[in-house]
Amino acid sequence: MGVVLALLLAWQLRQVLELVYVSALFAVVLMPVVQRVMGISIRGWHPTRGIAVVTLVLSVGLALAMLFTFALPPVLHDVKRFSDDLPAKVPELVARMHRLPMADKLGVDSMAQKAENAAASFASYVLNSMPVWIGRILDLITALILCIYFMLEGEFAYFYFLSFFQPETRERLARTLLVAETRMSKWLLGQGALMLTLGVTSTIVFAALHVRYFFLLGVLMGLFNLIPVAGGVITIVLASGVAALDSWTKMAGVLIFYAIYVQLENGFLTPRIMRTSVNLMGLSVLIALLAGAKLAGVVGAMVAVPTAALVAVLIDEYIVQKDPAAAEQVRKAHQAQS
């Protein structure tokens with residue numbers, strides 16, 4: 001009966017628990033940064049935890065202020081231009097596609113009408129969902145405040161949580177959670193580096209090719225790089241489609257750039273940036289993102305992969321029956337495929 005009441009209470013407080021979990025997770029991921037700041041020595045003086053947390057918060061706030069000041073206005077400008085130009089550009093693109101061989105059999109007119117309807121529906125959805133987005137922004141602010149408290153006092157709650165377990169179990173769980181913390185932090189920093197690299201390079205290349213809305217497309221390329229495979233496919237189709245509004249040459253340039261970048265990322269960037277990461281399969285990442293977005297929207301998607309990393313580490317420690325011979329065979333198979 002007590003378990004049922006606890007579950008009912010948790011369901012009633014699910015939004016609060018969601019914010020607490022998100023805040024605690026980000027505090028865990030950011031704690032290595034706080035510890036590095038605390039390790040700085042200035043003539044024998046080391047920053048306290050409070051000073052380290054304030055330094056981190058101010059640094060993040062400065063980065064966000066610069067982002068909103070310099071990066072957001074061009075994106076909003078490109079969004080407005082895109083919405084204004086779309087009604088006139090769709091007929092031009094349809095006329096270009098009609099010159100292609102077998103255009104009639106491909107149903108060009110039907111595809112164009114569907115694309116135009118989808119764009120109109122998306123614009124209407126964005127407008128109608130503005131109150132929801134404002135509410136989510138307030139939730140993020142609340143989560144940020146809770147995250148600061150967790151970084152300041154989270155260790156007391158962590159050791160109190162461990163005190164519920166027997167000493168032998170407690171030590172094993174502490175080691176497992178430490179591994180999970182390291183992997184989550186490595187994934188967040190590594191994935192952020194990959195997203196920033198793709199966003200910056202694609203923006204520069206699109207600008208050099210004089211592709212319309214290059215700033216917006218570059219931002220989308222970086223953000224959607226979070227989604228394995230599907231994110232890249234969506235954004236490159238969008239970018240090449242926009243480039244095709246002007247010329248097939250620009251479209252070819254966009255496709256060539258992305259083909260070169262994919263080879264560079266898979267062969268050079270990912271092995272070096274993500275080699276100490278969570279080692280999750282792309283399918284696992286995609287499923288985690290879908291589940292997180294379904295359960296908690298944008299906030300759920302933000303914490304989906306670190307949560308999947310935590311679950312993977314716990315499963316690997318407590319459930320998986322490890323077979324060294326089988327693990328070696330899997331490792332050799334992956335090496336053969338790559």
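The residues of the chain are indexed from 1 along the displayed sequence. Computed from a predicted structure; not experimentally measured.
The hydrophobic clustering, which links ILVMFWY residues whose side-chain heavy atoms are closer than 4.5 Å, places L223 and F206 together. Hydrophobic clustering (side-chain heavy atoms under 4.5 Å, transitive across Ile, Leu, Val, Met, Phe, Trp, Tyr) groups V219 together with L194. V211 and I256 fall into different hydrophobic clusters, defined by Ile, Leu, Val, Met, Phe, Trp and Tyr side-chain heavy atoms under 4.5 Å apart, directly or through other members. Side-chain heavy atoms closer than 4.5 Å link hydrophobic residues (I, L, V, M, F, W, Y) into clusters, and following such links, possibly through other members, connects L209 to V262. In the hydrophobic clustering of this structure, I145 does not group with V54; members are Ile, Leu, Val, Met, Phe, Trp, Tyr whose side-chain heavy atoms approach within less than 4.5 Å, directly or through other members.
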Checking M251 against W248 for the side-chain contact (heavy atoms from CB on, under 4.5 Å) test, could you report, in this order, the C-alpha distance in whole Å, the side-chain angles of both residues, the deciding distance, and whether it holds?
CA-CA 5 Å; M251 178 180 178; W248 300 123; 3.6 Å; yes

Audit row: F150, V20, side-chain contact (heavy atoms from CB on, under 4.5 Å) steps and yes/no
CA-CA 9 Å; F150 272 116; V20 171; 3.9 Å; yes

Trace of the side-chain contact (heavy atoms from CB on, under 4.5 Å) decision for M151 with M31
CA-CA 7 Å; M151 286 189 290; M31 273 308 297; 3.9 Å; yes

Test side-chain contact (heavy atoms from CB on, under 4.5 Å) on I148 and L152; report intermediate values, then the result.
CA-CA 6 Å; I148 294 173; L152 290 172; 4.1 Å; yes

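If you take CD1 on I141 and CG on L146, they are separated by 12.5 Å, rounding to the nearest 0.5 Å. Atoms CG and OG1, on L198 and T203 in that order, are 8.5 Å from each other to the nearest 0.5 Å. Distance check: M221 CE to T197 OG1 gives 12.5 Å after rounding to the nearest 0.5 Å. A distance of 10.0 Å separates OH in Y21 from CZ in F26, rounded to the nearest 0.5 Å. Taking CG of L314 as the start and CG of L173 as the end, the distance is 7.5 Å to the nearest 0.5 Å. Rounding to the nearest 0.5 angstrom, the gap separating the CG atom in L264 from the CZ atom in F257 is 9.5 Å.
At most 12 heavy atoms of other shown residues, nucleotides or ligands fall within 6.0 angstrom of atom CH2 in W11. Residue-environment remark: OH (Y318) exceeds the threshold of 12 foreign heavy atoms within 6.0 Å. Around the CZ atom of F165, the shell of radius 6.0 Å holds more than 12 heavy atoms that belong to other residues, nucleotides or ligands.
When all heavy atoms of V254 and S240 are compared, the pair lying nearest together is CG1-N, 4.0 Å. The two residues H46 and I40 have their closest heavy-atom pair at ND1-O, 3.0 Å. Residues A143 and S23 come closest through the heavy atom pair O-OG, 3.0 Å. Contact record, A308 with A288: CB-CB, 3.8 Å, taken as the closest heavy-atom pair. A pairwise comparison of heavy atoms in P47 and V37 identifies CG-O, 3.4 Å as the closest pair. Of all heavy-atom pairs spanning S163 and R170, the tightest one is O-NH2, 3.9 Å.
For the pair L177/L310, a side-chain contact is recorded, criterion being any heavy-atom separation below 4.5 Å from C-beta on. By the 4.5 Å heavy-atom criterion applied to side chains, L56 and V60 are counted as neighbours.
Counting only N and O atoms by type, the side chains of Y261 and E265 include a donor and acceptor under 3.5 Å apart.
Between R172 and E317 there is a salt bridge, since at least one side-chain N of the basic residue sits less than 4.0 Å from a carboxylate O of the acidic one.
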